[in-house]
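Structure record follows, encoded as structure tokens.
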Amino acid sequence: MEMIKILAIQNLSKQFSNVKALHNVSFNAHSGRILGLIGQNGAGKSTTFHSILKFIEYNGVIEWNGEPIASSTFDQIGYLPEERSLMTDLTVQKQITYFAQLKSRPVKWTTARIDQWMRKFEVKGTRRDKIKSLSKGNQQKVQLICTLIHEPQLIILDEPFSGLDPVNADLLKQAILDAKQGGATIIFSSHNMANVEDICDDLVMLRNGEVVLNGPVQDVRNQFGKNELFVTTPMAPDELSTLPGVLAVTQRGNNRYKLKLNTPAAGPELFKLISHGEYIEEFSQQPPSLDEIFREKVGEIHA
Amino acid sequence: MHKLMAITAETYVSQVKTKSFIIMLLLPFIIIIIGGGAGFLAGNSASNADSQFAIIGNQQVKQAVVKQDGDSIDAAINTEQQATSKLKRGDIDGYAKLSETNGRINVHYVGNEALDSDVKTDLMKTVTLAQNQLNIQRSKLNPQQLKALAVEPAFSSQVKKTGDNYADTAKLISLEALIFILYIFLLMYSGITASVIAKEKGSKITEIIFSSTSSTNYFIGKVFGIILMMLTQMVVYVITIGGSYQALKHASFLKNFMQNGGKEVIGSVLKNLVNINSVFVILGLIIGIILSATCGALVSKAEDANKAAQPVMYLIMGLFFASLILQNNSDAMIAKVLSYVPVSSTFFMPIRIINHQANGVEVALSLLILIGFTVLLTYGIAKKYKGLMLQSDDQGWFKNLRSGLKYR
């Protein structure tokens, strides 16, 4: 059985002249799992990545598989920077093989795999096309191929979904899930909670350089309690809001509502009152979505 | 090591394939071909328009002048009648009519244009000789008197340095060649280096590269790639010039040139340049590339890549003008000092060596300082290169340098 590899971050702190960018950040990322790093702009996501990659000096400990990250570890890392960039005068093949060479993959090894990756990402163009002749979307796909083709064990993606249309976002999700299947450790940052909710196993939320949430996605959601009730009923909103335990009613569509409860325990009583013991199209009690948790956590500081 | 080589190879291959490199490589040859072609055409059209003259009235003189200026003399014309009719038709530009009265040779020139000065000189020399002969015949001198008249002045010479008659010319050419080669190569390669690196920095490629290999590898790889590119250009020039010499060495113009001092001059110019001076020149070029690589890292936007080399360019231009001014006064204190200061020593020490003003110890000392400086500079910049490349301020090159050095 393959050994589980762990990226362990302990008490990571970073100070930029007069800004505290990170303060005692600690979390682990495990092989075969996907960790989403969320937070507002300036929360410290990119600074965390830059610390892992040794772009900056920091206080604290960052270890990959029990050892500090060094130049020799770089070959196991695939990194997609937030600001996308390729050498636009090169051909697709030259660009991919050059970056892979810097990850110690021989040109021949890489060349043999390019077509397969271009098919996987549905890149429109050939390997002999210059990067600058490709559309922006296709350039992004080439960039992703550059990040993943050398089969990294630790994959760091800074805002990988930004600028992707839904179809390409799905291709990327599939690639991330494939890498997970292959046993890689994956960390990505995102503003889009839907993407995080879709594919992440674990989640870390940063706010002003500090960890405010950390754990498996479902646990994080559950810790906020199943205080949301999604129902489809012919009852009027006014009627719903008078039911016991209901704090607020939001209309989601025709006869579709989201009720905010003051306690999860109100659920069974409400089921009786809304369904009257008969068939009901929708009755789903859930913890708040990541989006709501995100807003709530961000809001705490402003409150 | 293989990552360093990958960076070197990528830099070299992608630069050597660019149009601008190929143009830069071919430009001198294009200029020579265009210049030579224009000269040839001008020469041809000039010779087509060569003036034609006739000499009549003295067969002996005519034959002697035809021997010297055959191209300009129409030898078929023997009588004044022929000459005037050809002059009318414009076939010739004029004719000289020789006659003798009372032991004096008269030359009378008639023409639409003045007599060509070369032809006139040769004609008058020949006529003077003929006049001398005539004078001797008419004076009826006895053999002794003739002998006495035939005494000629003697010319002898004693030159201290034999075989070094062209030393001054060679020195001048060596100095100019040295200064211009350094200047032009420095300017070209500073620009290229800075813009290559500024482009990559501006496009944020650096983050991907630095997540794969050390900034030192990147820096050294880039510098190696550019040095290889420069060597390629130099080798192409050496091969082309050597090859053209081999191909043309039997051509008359080159033979003439080589026989008339060209060989000596070129020989001593080469002797002046292909020695310790080339070490100074090469180190100077390497330092230029390293400094420009640093400047390239101080730019934050790819659009500013062309301006990136400016600080180095100013330095190079300053040194260039200083060396032009001081090349003939390189024993001055300031030139002496500059011949030890790193970077400026790459201009001034070779100048002093060519001018025979520096002894072995001085040269060795200056070279040691220069080598030490190059090593320290490379080491220092390699260490700080990550900070220089990753800092993304946009507040002018000096402030960017400061924040790059302070980057943690």
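Each chain gets a letter, A, B and so on, in the order its sequence line appears, and its residues count up from 1.
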Open item on the list: At under 4.5 Å between heavy atoms, what parts of residues 137-150 of chain A are in contact with chain B? List them by residue number.
Closed with: Gln143(A)
Is [X] in contact with chain B via its backbone, its side chain, both, or neither, using a 4.5 Å heavy-atom distance?
X         : value
Ser104(A) : both
Tyr98(A)  : side chain
Ile156(A) : neither

Task: Partner chain A: residue of Ile209(B), Val13(B), Ile208(B) with the largest heavy-atom pair count (under 4.5 Å) - done: Ile208(B)
By a 4.5 Å heavy-atom criterion (distance strictly below it), what part of [X] contacts chain A: side chain, backbone, both, or neither?
X         : answer
Ile7(B)   : both
Lys386(B) : side chain
Ile205(B) : both

Are there more than 12 heavy atoms of other residues, nucleotides or ligands under 6.0 Å from atom [atom1] of [X]?
X         : atom1 : result
Lys307(B) : NZ    : no
Lys132(A) : NZ    : yes
Glu83(A)  : CD    : no
Met5(B)   : CE    : no

Task: Choice from Phe99(A), Phe55(A), Tyr58(A) maximising heavy atom contacts with chain B below 4.5 Å - done: Phe55(A)
TODO: Find the one option among Ile52(A), Ile77(A), Asp75(A), Asp89(A) whose heavy-atom pairs under 4.5 Å with chain B are most numerous.
DONE: Asp75(A)
Task: Heavy-atom contacts under 4.5 Å, residues 368-385 of chain B to chain A - done: none
Task: Residues of residues 213-242 of chain B within contact distance of chain A, non-hydrogen under 4.5 Å - done: Thr213(B), Ser214(B)
Hey, could you give me the [atom1]/[atom2] distance between [X] and [Y], rounded to the nearest 0.5 Å?
X         : Y         : atom1 : atom2 : answer
Glu207(B) : Glu82(A)  : CD    : CD    : 9.0 Å
Leu102(A) : His2(B)   : CG    : NE2   : 8.5 Å
Lys3(B)   : Lys103(A) : NZ    : NZ    : 6.5 Å

Open item on the list: Using side-chain heavy atoms (C-beta onward) and a distance below 4.5 Å, is Leu90(A) in contact with Glu10(B)?
Closed with: yes
Task: Side chain to side chain, Lys199(B) and Met87(A), heavy atoms closer than 4.5 Å - done: no
Task: Exercise: identify the closest heavy-atom pair between Phe210(B) and Phe74(A) - done: O-CE1, 3.5 Å
TODO: Apply side chain to side chain contact (heavy atoms under 4.5 Å, CB included) to Ala29(A) and list each qualifying residue two or more places apart in sequence or on a separate chain.
DONE: Leu7(A), Leu35(A), Thr185(A), Ile187(A)
